[in-house]
Amino acid sequence: MSSSSTTTTTTRLLMLKASDGVTFEVEEAVATKLGAINNMVEEEGSEDLICLPNVNGKFLGMVLEWCKKHANNNTNSDKGNDEVNKWWDKEFVMDLDQNTLYHLLMAADYLSGTELVDLLTEKVASMIRGKKVEEIRETFKIKSDFLPGQEEEIRKKNSWAFE
Amino acid sequence: MEFEDNSEREEENQDSCKPKRQKMMTPFQLEALGLEKACALDACTSKSITAISSAYTPMESSPTTAISDETLAISCHDYSLPDKLWVEIMSRLPVKSLLRCKCVQRPWRRLINTLIHDQTFVTKHLNNYSTDRPSLYIMSYDVSRRARNSFVTMICNQNDDDALLDTIIEDFDLSSFRQQYHMSFPASHCNGIMCISVRQQNVVLLCNPALREFKFITGSCLGPWRINEQTRMVGFGHDTVDDVYKVVRVACKGALLLGAEIHTLGIDHHNSWRKLNTEEHFHVGYTPSLLYPEVQCKSFIYWLTYGCRNSNPVIISFDVHDEDFQTISLPTLDDNFSATETCSDVSYKLALWNESVALFKFYVPRCRCGKRSTACFSPKPIEMWVLDESSKGPEKSYFWTKHLIIPPLDRCYRPQVFWTNDELILTSFSWSTDHTRKISFASSYNLVTQKVRRLRGIPETLEGIGSFAYVQSLVSIT
């Protein structure tokens, strides 16, 4: 817990640079929601420009948008906050196309944004849950590569899963 | 299957950042999921579920060219995610979906086959999937005692004002076993495995319905069983210290204790049991199996048992790791109504709430006046107590705290099981219009809003309903 005399440190800004050169100025409290950035700041301080060569500006921006929302919502320590976060998360993932979803997921993973990874993997899981095999293939643009009879064999062995 | 290795790309990309003093983020190694080894088995395969995430790493190293949408559209066809993330996604799927996914494509089949036999993944799946989706096992039976076993997944309604709660119901057929054995209600459930004892026989049936795995454990170390010898208490639990599953059983001959025995899955030889020490004063009363299944909490099993000749009920606890029993007294509960109302009986029920053991004291109609109608019994409040542990002193001691009182509801309800910390399943029963039969149905009561909602799809049954919280799992018993 920081004492009241050092309130200025809470608004310290970090500079993040994405692979495509796009830079972001972010409050430390927001960016350190990402485990990777938190570690870096703890180890080496926050004065330098932080380069993130594995994530481009578009997705870094989205990840930071999510962090910002969660950091803001968490400051008002209210019980209703969980609900607000949940609602906001739902909106956040609702209209993501698959390409964005995948890139965002990898960016979140690279930056160790555990909660965001949970949210996004849950979203992908929801696209599989309860679906038929053909529907899953269509969703993920996958072609079957089974030899004739192989798929039938799996269905037979796990028949209750296909009921 | 390969896991991404960014180290080379990392170096290539160094040029893209030229700040006054730059620092590079080290790539994150694959967390030791225990899967590296497992997936290495598949290393010979040429194709992976996902291509290496090269499509992900931005190609442009010049800060001036931002990635255009066209570039993304091309990489979009790859739909590639590293395996590590697929593992994360798959840990959130129900067992059925996971098994179905084996049919999607060969790399998926390979990954899933590896995962379902990987202990680390099985545990991960148990944590990720099961806790998110409350699910119940409900057994209902009619007058002919024909049982219907159902798995009920609770759906939280968007609109809280609905008087009905949506459910997904899936019947589980145990009839072939029931024909052969006189089986009781599943006596115990832990991490997706149900344990069902067969009355008057020394047989225990274990099953994981999600994997369709069944296993009988027969035999006993308490000598040959005769017809008047009975299993009084059966429990199935997880020893979290040694990560093993154990079946514990207490057998009696009439009112006499025969002894207690235990079987550790995968360790003890097939059908072999070890005798447990029980103290002289250890007394096991009557444990009605249908309405009073045991409760598990943090590697402990708790049974509510009634003493002989209507003495006060007590709780017997069993430490699955240390393998010892302890008797816990109930709180002092006043029977406020027995003096004034002839047609009601006091009753108790154990439940798991917020990772603690909860005890309900409630009243049920027991018609002594002969009218057999709702008129001779008026609804009563339901008391809820929570068991706490005190770590003072060398012996573990327990104390009870009264948590809340549910005010009398519009009809008589029997508490069953919590499916969230606020939602309690209650079964209600009333007399049929011709006053000859009881009719039961299931509802959910919200502790905060005090609202009662019927469960959609659970039929009115004529005799009774038993239930417990169920989780689907990949835990294998074979």
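Each chain gets a letter, A, B and so on, in the order the sequences are listed, and its residues count up from 1. Computed from a predicted structure; not experimentally measured.
Inter-residue side-chain proximity for S144(A) and V104(B) is flagged as unmet; no heavy-atom pair is nearer than 4.5 Å. A heavy-atom distance below 4.5 Å is found between the side chains of R129(A) and R92(B).
Scored by the ring pair (Phe, Tyr, Trp, His ring centres under 6.0 Å) test, F151(B) finds Y137(B), F172(B), Y470(B) as partners (sequence neighbours excluded). In terms of the salt bridge (charged side-chain N to carboxylate O under 4.0 Å, His left out) criterion, E135(A) has no residue partners (sequence neighbours excluded).
Contacts of K123(A) with chain B are absent, with no heavy-atom separation under 4.5 Å from either backbone or side chain. Residue K157(A) does not touch chain B at all, counting heavy-atom pairs closer than 4.5 Å. With a 4.5 angstrom heavy-atom cutoff, I142(A) touches chain B only via side-chain atoms. D118(A) touches chain B through backbone and side chain together, each having a heavy atom under 4.5 Å away. In this structure, chain A has a heavy atom under 4.5 Å from the backbone of L211(B), while its side chain stays farther away. Of the atoms belonging to I128(A), heavy atoms from both backbone and side chain fall under 4.5 Å from chain B.
By the 6.0 Å contact criterion, CD on E355(B) is open, its count of non-hydrogen atoms from other residues, nucleotides or ligands being 12 or less. More than 12 heavy atoms of other residues, nucleotides or ligands lie within 6.0 Å of CD in Q150(A), so this atom counts as buried by the packing criterion.
Ranked by heavy-atom pairs under 4.5 Å with chain B, the first of K131(A), E153(A), E152(A), M15(A) is K131(A).
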Does N158(A) form a side-chain contact (heavy atoms from CB on, under 4.5 Å) with R100(B)? I'd like the steps, not just the answer. CA-CA 8 Å; N158(A) 307 281; R100(B) 215 179 284 168; over 6 Å; no
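Taking CZ from F146(A) and NZ from K102(B), the interatomic distance works out to 10.0 Å, rounded to the nearest 0.5 Å. Atom CD of E88(B) is separated from atom CD of E122(A) by 10.5 Å, given to the nearest 0.5 angstrom. Atom-to-atom distance recorded for L105(A):CG and I89(B):CD1 is 5.5 Å, nearest 0.5 angstrom. Within the model, atoms CG of D109(A) and CG of L81(B) stand 9.5 Å from one another, a figure rounded to the nearest 0.5 Å.
Across all their heavy atoms, R106(B) and D145(A) have their closest contact at N-OD1, 2.7 Å. Contact record, C103(B) with R155(A): SG-CG, 3.7 Å, taken as the closest heavy-atom pair. In plain terms, the two heavy atoms of S97(B) and G130(A) that are nearest each other are OG-N, 3.0 Å. Nearest approach of L85(B) to T121(A), heavy atoms of both residues: O-CG2, 4.2 Å.
Between the W160(A) side chain and the P209(B) main chain, no donor and acceptor come within less than 3.5 Å of each other.
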